[in-house]
Amino acid sequence: MSAVRVVMLLAGKDLRIEARGRQTLGLVVVLGILIEVVLALGLGQASSGLRATAILWVTYLFGGVLCFEKTMAVERQHGAMAGLLLAPVDRGLIYLGKLCANLALLGALAAVVTPVGIVFFGFDLSAAPGAFAAVIGLSLVGYAAVGTLFSAVTSASRLQGGLLAMVVFPLSLPLVITSTQVLAGVMDRGEALDMSGLGVIAVFDVIFLTASWSVFELVVEP
Amino acid sequence: MGGTRRIAVAGYWVLSLAALAGAAWLAAYYAPVDADMGVIQKVFYFHLPAALCMFGACGLVFVAGVGYLWQREGWWDDLSHASARVAVLLSSVVLLTGMIWGKQAWGTWWTWSPRLTFSLVLWLLYVAYLVLRASIGSEQKRAVVCAVYGIVAFLDVPLVYLSTKLMPDIHPESIELERPMWVTLGAWMAAVTLLSAGLVAARYRVARLERAHEEWALRTGMGGPA
Amino acid sequence: MTTSASIRLGRPGARAGSASTAVSLRGVSKSIDGRAVLSEVSVELPRGSFVSVMGANGAGKSTLLRVMSTLTGATEGEVRIFGESRGAAVRAKIGMVAHETMLYDELTALENVTLFARLHGVPGAASRARLMLEQLGVGAVAHAAVRSMSRGVAQRVALARALVHGPELLLADEVFAGLDVGSRELVEGVLTEAWGKGCTIVTCGHDVEQSLRLSERVLVLERGRLVMDEWAHRLTAGSLRERLGGRA
């Protein structure tokens, strides 16, 4: 079976499980909106591109961690990960399948909390909606790459919740710093999209996709 | 520990502390007081060597991680742990001396300047390593997870640097040093390097002894987790 | 079974083969966090063997099966499954049922089995999966979510999952635990049928009579050491029980 089909099969399985239970997405969307309410109560409507991106990142980071934990918990419940590891497929594909499922969930989360944030905080994305989508989209790929790897690590170790956040947040800070700076330039100062900033995010994605893909097999061995 | 080894270790520490004392003397009496920064400029002699040694320690965590995943020998894990502790210690020094500098130069303890942000993120990265270590019970699992984290965290360092470069900067790009300042800096570099290497070695040695003790306890069924 | 008749002549394990060997362990030790779980286990299982691994809880039975499945690597020693140490080609020939079902609660029985059939590249995965479920007597609940199933039914679905790609080596860890009498007989029948088709089967469990009835060879582990390797027809339930220290 081709690699692409294996990845689609595994990601489809995760999304089907999510569609049956609808636990994760409901949880993270409501959590994201709650975070925005709390921040809006303190910060009010006056906001800049710098703030907008940072506020949205808080919702993406917390929601994302819950997605990563949930999609990996499915594999742990009845030892299903052992079944996947026994399949005669490249184990890196198991990682990629999980990553695709996580990205789909993150995308759905962003699709809800971003418009809500725009309304709550009066963000103005009209200056460069394309740049915003590109920067956030690329960043979420990198975040999911790191999150998926360490969700496998922490799930295999039966660690308590919260630890995953503590591990992936510091690692993802370059994404947060870069995207807030780049979007502040675009939104607040009306500059053109800083391609070197976008490059940093792209390099992050490439490095962590490659590294995670190659070490995944080592960390999941049950 | 054999007698010769004991003497060598004691000698090493005497040398290191002497180097530190010498460096401190140079900083206090030999290096001139900076015209703009005043006495506070002297934290720089500690700041820069600590930063360089911190990168060394982070690199050692990375090397130990790769070594462990490759050979699966416990001593690589002990080295990784020892280096990470020293990396956190050194990055705390870098962060604090940076803050002292910032207070003098810009009148505020904290500003989101690229370098302070960079130091802070690095500190967080390696503190997370220590917390992660403490949260995993199984020895083998802990070693694998920490090895992977150590590798990933080190790969993250240049990205953190690049991302902070995008931030607006008020840091001095280059500092002009007079000859006595260079000499003092060199002395501090030697002292901090000796101390850092000594601390890594000491922590490593303690971890090895603990591991040996645990193995002994397991073998003989005395003590240790049942 | 001409092969099994010929090996009955010698002592178990005396025969070392390559092409005809399914599982070959040489001096295999496995330690987890410094604790020895398996110590210097050496055993050769020819193709088409039906072997029961017995021993007290914590004797290392499950770990032995995991090592044979290549899920876990040995700390020391050499593991060869069909002549290879690990890799996708070996995994393609292995089916495994463990105490945990390895099934997804939210998916139906058919979806679970079809997923693994697809991963193994079985042609006509869905129809093959349905056939397996019917053979195991759980065709009626093919469209029910695994979450709603009793342990016995879920275990049979798990067995369907393990057999769907026609493995050459079936590792069944505690496959009979928690099954009612009807399910037990059915599972026994399915195992025997797979064996009849040339599949090598390694089970582990606690039931002495059942092990002697089903298998042709019995291995006994005690604190990670292989302390007995004997043909089943040379053992009686009493002698085996005695060997197990009266615990079984």
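Letters A, B, ... mirror the listed sequences (proteins, then strands); counts begin at 1. In this text, all values refer to a predicted model and were calculated from it rather than measured experimentally.
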Within 6.0 angstrom of C:Glu40 CD, more than 12 heavy atoms from elsewhere: no

Qualifying residues under side chain to side chain donor-acceptor pair (under 3.5 Å), relative to A:Glu75, sequence neighbours excluded: A:Lys13, A:Lys98, C:Tyr104

More than 12 heavy atoms from other groups under 6.0 Å of CZ on C:Arg151: yes

Reported CD-to-CD distance for the pair A:Glu18 and C:Glu106, which is rounded to 0.5 angstrom: 9.5 Å

Among the listed options C:Asp105, C:Val90, C:Ile94, the residue most often paired with chain A at heavy-atom distances under 4.5 Å: C:Asp105

Shortest non-hydrogen contact from C:Thr101 toward A:His78: OG1-CB, 3.5 Å

Minimum heavy-atom distance between C:Arg161 and A:Gly83, given as atom pair plus value: NH1-CA, 4.3 Å

For residues 50-57 of chain C, run the donor-acceptor check on the side chains, cut-off 3.5 Å, and write out each pair with its distance to 0.1 Å, sequence neighbours left out.
from, atom 1, to, atom 2, distance (Å)
C:Ser52, OG, C:Thr203, OG1, 3.4
C:Ser52, OG, C:Ser215, OG, 3.0
C:Asn57, OD1, C:His206, NE2, 3.2

Neighbour count above 12 (heavy atom, 6.0 Å) for A:Trp57 CH2: yes

Interatomic distance, C:Met102 atom CE to A:Leu85 atom CG [nearest 0.5 angstrom]: 9.5 Å

Per-residue contact mode, A:Leu10 against chain C (heavy atom under 4.5 angstrom): side chain

From A:Ile94 atom CD1 to C:Leu119 atom CG, the distance as rounded to the nearest 0.5 Å: 8.0 Å

Nearest-0.5 Å distance, CD of residue C:Glu100 to CE of residue A:Met81: 12.5 Å

Enclosure of C:Glu134 CD (heavy-atom neighbours >12, cutoff 6.0 Å): yes

Contact check, side chains of C:Arg147 and A:Arg20, non-hydrogen atoms, under 4.5 Å: no

Side chain, backbone, both or neither of C:Leu107 within contact of chain A (heavy atoms, under 4.5 Å): both

Closest non-hydrogen atom pair, C:Ala88 against A:Pro88: O-CB, 3.3 Å

Closest heavy-atom pair and its distance - A:Leu9, C:Arg118: CD2-CB, 3.5 Å

